[in-house]
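Order of the sequence lines sets the chain letters (A, B, ...), proteins ahead of strands, with each chain counted from 1. Because only heavy atoms are used, hydrogens play no part in the values below, and waters and symmetry mates are left out as well, while side chains stay in. Bear in mind that the values here come from a model prediction, so they are computed numbers and not experimental data.
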Number of protein chains: 2
Amino acid sequence: MNSTATTTPEELARPTIVSLAVVLQVRNGALQALLWERAREPDVHRWSLPGGYLLEPESLEQSIRRHLASKVDVRELAHLEQLETLSEPDRQPEEWQIAAAYLGLVPADQDPVLPPDTSWHPVGGLPPMAFDHAAVVRAGRDRLRAKLSYTNIGFAIAPPEFTLSELRDLYAAALGHRVSATNLQRVLVRRGVLEPLERHRTSAASGGRPARVYRFRTRRLAVTDPFAVLRPQGSGSR
Amino acid sequence: MNSTATTTPEELARPTIVSLAVVLQVRNGALQALLWERAREPDVHRWSLPGGYLLEPESLEQSIRRHLASKVDVRELAHLEQLETLSEPDRQPEEWQIAAAYLGLVPADQDPVLPPDTSWHPVGGLPPMAFDHAAVVRAGRDRLRAKLSYTNIGFAIAPPEFTLSELRDLYAAALGHRVSATNLQRVLVRRGVLEPLERHRTSAASGGRPARVYRFRTRRLAVTDPFAVLRPQGSGSR
DNA sequence: GCAAAAGTGTTGTGTCTACACCCATGT
DNA sequence: ACATGGGTGTAGACACAACACTTTTGC
């Protein structure tokens, strides 16, 4: 059987198709996921990822953007990428669903108005989750953590402008461990990811030197540390 | 609309669902992809990726393994992972298909018997490809190249045992640039990926010192260079 | 002046590349 | 002996973490 036969066989599988999103944001110093509380069986009162059915004719990315629009304004999503596609026939009890999972990131300065059944939950310490959604949240968190190391994806969790301590706190929350502002600055400036502005943030009531304001040079995903090893010969050491 | 409503609406999209695979192997010193020549319109005589319809009830991974079994013996696949899911409504002219693309890797010592309409093609220099399949091949190639740098995925392109020059040639073919056997050995041994055996390969007719035989310590995917930067504090430098 | 926070200087370490040199075999 | 290919030793370039120290503000 070939993927492109002109006549479609009868015994074809016709699972329903949904798109899901792990929407992450750093809130109150913790990485949090946008979850939605189920109102009916199965898995009543368990929490699940936002998303829903694919409609005619739209791509999966259009689908997840459309579904998310009822939770958060699409303009608040600084980044959206595909995570994985789940297809185990028994992953949902009632019907066979194929689910394309996406990772969405919301900058820390946004505070979307949420519908009543929806709220943010720290990814460390998730509430009881429906179906296989807890694993998807972990996959999203891991993808973000990995990309923070070798891409400029920080732009998607940070506001347009920020001080280095603010950025350090965002990275620390997302990565789940302490981060040094000193070294974070050096790494990101050396790679050309961060750009210092001339402006400074006035110091807090407790005093302290005013912090310089930075921004990401570009707010589109780019790989900044392409080859860990095994670079082409003669391309210089890192 | 929610992903888990108990009643399924009428206007639901019901595209057909297929699985595709970019199967890669190093052959004759070049990274090659397993392609299949279309026998009918649309895109007659263009080359496409092996795969086909999802059947009831199987997962996408089971589906692609089943379809590949008609091309290559499944036991010859040393690694299989999901690449991306394509869903643009107009990506195929005749029907709307959602395609889950996988990356499969065949060790260099295998030589599967192929059906007549199927053959290997170097990924640099692909023949005219059907639909969006050329881009999927490039995505598979790029995924392999990236993972060669930070995982032990070499096990999936290498035979069970090999000398370092042989492994160097495989890495060079897959990466598309020259690789030093000296440094490849040091990187992979330092990381505990390679294991030297006591055995040696007898030298060729042209002479030369007999080469030591190595193998991968494990033939399951593992990340060996986890954090490019931004490691947790106090976790030592690389 | 003193505390607080930001920012710079500097040192040490581990990783990787490049290249010189040595080793073991066939002819 | 010498050509051929395998393997080791070593030096230099970087990137990074850690930490001491300086700068700039509020009180």
- Message: The criterion is side-chain contact (heavy atoms from CB on, under 4.5 Å); which residues satisfy it with A:Pro210, sequence neighbours excluded?
- Response: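 For A:Pro210, the residues satisfying side-chain contact (heavy atoms from CB on, under 4.5 Å) (neighbours in sequence not counted) are A:His200.
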- Residues which pass side-chain contact (heavy atoms from CB on, under 4.5 Å) with A:Pro122, listed by chain and number, not counting sequence neighbours: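 A:Pro122 satisfies side-chain contact (heavy atoms from CB on, under 4.5 Å) with A:Gln32 once adjacent residues are dropped.
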- Message: Holding to salt bridge (Lys or Arg N to Asp or Glu O under 4.0 Å), I want the full list of residues that pass it with B:Arg186, two or more places apart in sequence or in another chain.
- Response: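 Residues passing salt bridge (Lys or Arg N to Asp or Glu O under 4.0 Å) with B:Arg186: none at all.
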- Letter by letter from the 5' end, nucleotides 4-10 of chain D scores (B base, S sugar-phosphate only, - none; protein heavy atoms under 4.0 Å) BBBSBBB
- Which whole-number value in Å describes the distance from B:Arg178 CZ to C:dC19 C1'?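 Taking CZ of B:Arg178 and C1' of C:dC19, I get 13 Å after rounding.
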- Query: Just how far, in rounded Å, is C1' of D:dA15 from CG of A:Asp225?
  - Reply: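 My rounded result for the distance is 9 Å.
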Check: residues 99-112 of chain A side-chain donor-acceptor pairs under 3.5 Å, at least two apart:
residue: A:Tyr102; atom: OH; partner: A:Glu61; partner atom: N; Å: 3.4
residue: A:Tyr102; atom: OH; partner: A:Gln82; partner atom: NE2; Å: 3.3
residue: A:Asp111; atom: OD1; partner: A:Arg27; partner atom: NH1; Å: 3.3
residue: A:Asp111; atom: OD1; partner: A:Arg27; partner atom: NH2; Å: 2.9

- Query: Which pairs pass salt bridge (Lys or Arg N to Asp or Glu O under 4.0 Å) with one or both residues in residues 198-207 of chain B, sequence neighbours excluded?
  - Reply: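 For residues 198-207 of chain B: B:Glu161-B:Arg199, B:Glu166-B:Arg201.
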